[in-house]
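Note that the numbering runs from 1 along the sequence shown for the chain. On a predicted model such as this, the values are computed, not experimentally measured, just so you know.
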Amino acid sequence: MSTSFAQQLFQKQAGVEPVPSNHRIAQWAMSLLCILFPEKAEYRYETPDAIDHQLAALQDELLSILNATKACHSCNNQEITEAFFAQLPEVYNLLNTDIEAIVAGDPAATNSFEVVRAYPGFLAISLYRLAHALYQLNVPLIPRILTEQAHAQTGIDIHPGASIGHHFFIDHGTGIVIGETTHIGNHVKLYQGVTLGALSVDKSMANSKRHPTVEDYAVIYSGATILGGETVIGHHSIIGGNVWLTKSVAPYSTVYHKPEITVVTNTHEVTS
């Protein structure tokens with residue numbers, strides 16, 4: 001290996017901004033989720049004080065992560081950490097509504113324990129809600145790392161900037177994409193392969209609303225693609241599988257794709 005190539009890599013290394021490993025950031029989030037939802041954990045705390053002590057330790061760990069991230073050096077990391085943990089009861093309550101929605105809406109879900117422990121949709125929503133709380137506090141980089149950890153584990157890609165209401169239900173989930181400026185109301189249900197995306201990916205649109213709005217009680221079935229910042233899916237609407245939408249639909253609409261499928265039956269007897 002040439003010395004010049006090693007020098008090139010060394011110079012690049014020197015210019016990279018420090019940030020804790022993705023594993024450390026994800027481990028912090030998963031440890032927090034294990035306290036909020038003991039269904040995910042093997043360890044059981046014996047007293048409320050023990051839980052309080054562990055929450056304080058995780059608050060210190062978040063502060064350490066932020067302090068070790070160069071992109072956060074101009075932030076008030078102490079204030080951010082305190083604000084995040086002050087919001088934690090609200091995040092917890094939201095996640096409990098998501099569990100309720102999954103148990104009530106999925107005939108295959110036997111109980112909340114199964115949802116918390118085994119459902120990829122709930123894992124993706126959980127990490128999204130933690131990441132979104134940090135995103136709203138203007139924390140750089142860390143929220144995106146958290147949601148990309150969920151993406152890697154579940155195939156569900158939710159940008160931490162998306163706004164999602166209570167009782168959110170992701171069924172199956174693989175291949176779902178929810179863009180940064182998406183707004184999703186309450187009691188919304190998405191199936192696998194749904195894309196809530198932008199009509200254009202031009203960099204000049206970075207600060208504009210590029211992704212759809214989905215109002216309360218909408219259901220969007222598998223493979224549907226809904227694009228554009230001005231596109232609104234009206235409340236109580238049903239969007240069928242494989243639909244491609246770039247315009248708004250009124251409340252209580254049903255939109256479906258009508259494929260032309262031809263089945264030819266073999267009428268010849270096959271002999272051996």
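Counting heavy atoms from C-beta on, the side chains of Ile125 and Phe169 never come closer than 4.5 Å. Between Thr69 and Pro20, the closest side-chain pair of non-hydrogen atoms falls below 4.5 Å.
A distance of 8.0 Å separates OG1 of Thr147 from CD1 of Ile158, quoted to the nearest 0.5 Å. Within the model, atoms CG of Leu32 and CG of Leu58 stand 6.0 Å from one another, a figure rounded to the nearest 0.5 Å. In this structure, OG1 in Thr195 is found 8.0 Å from CH2 in Trp244, a value given to the nearest 0.5 Å.
Between Thr81 and Leu66, the closest heavy-atom pair is OG1-CD1, 3.7 Å. For the residue pair Leu146 and Ala26, the shortest heavy atom distance occurs at CD2-CA, 4.4 Å. Of all heavy-atom pairs between Pro143 and Pro140, the closest is CD-O, 3.8 Å. Nearest heavy atom pair, residue Gly241 against residue His257, reads O-CB, 3.7 Å. The minimum heavy-atom distance linking Ala109 with Val103 is given by the pair CB-CA, 4.1 Å. Minimum heavy-atom separation, Ile156 to Gly173: CG1-O, 3.2 Å.
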Criterion side-chain contact (heavy atoms from CB on, under 4.5 Å) on Lys40 and Ser126, from CA distance to verdict: CA-CA 12 Å; Lys40 298 184 74 68; Ser126 298; over 6 Å; no
Worked verdict on Leu127 versus Thr154 for side-chain contact (heavy atoms from CB on, under 4.5 Å): CA-CA 11 Å; Leu127 289 173; Thr154 67; over 6 Å; no
side-chain contact (heavy atoms from CB on, under 4.5 Å) evaluation trace for Leu245 with Ile233: CA-CA 10 Å; Leu245 268 181; Ile233 304 304; 3.8 Å; yes
Evaluation steps, ring-ring contact (aromatic ring centres under 6.0 Å, His included), between His187 and Phe168: CA-CA 5 Å; His187 295 276; Phe168 183 46; over 10 Å; no
Worked check of side-chain contact (heavy atoms from CB on, under 4.5 Å) between Tyr128 and Ile178: CA-CA 11 Å; Tyr128 154 77; Ile178 300 174; over 6 Å; no
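Relative ring orientation between Tyr191 and His172 is described as tilted, the plane-to-plane angle lying within the 30° to 60° band. Ring geometry, His132 versus Tyr135: the interplanar angle falls under 30°, so the pair is classed parallel (tilted spans 30 to 60°). Ring pair His236/Tyr217 is parallel by interplanar angle, where below 30° counts as parallel and above 60° as perpendicular.
Residues Leu36 and Ile102 fall within the same hydrophobic cluster, defined by Ile, Leu, Val, Met, Phe, Trp and Tyr side chains chained together at heavy-atom separations under 4.5 Å.
No side-chain donor-acceptor contact under 3.5 Å links His211 and Glu180.
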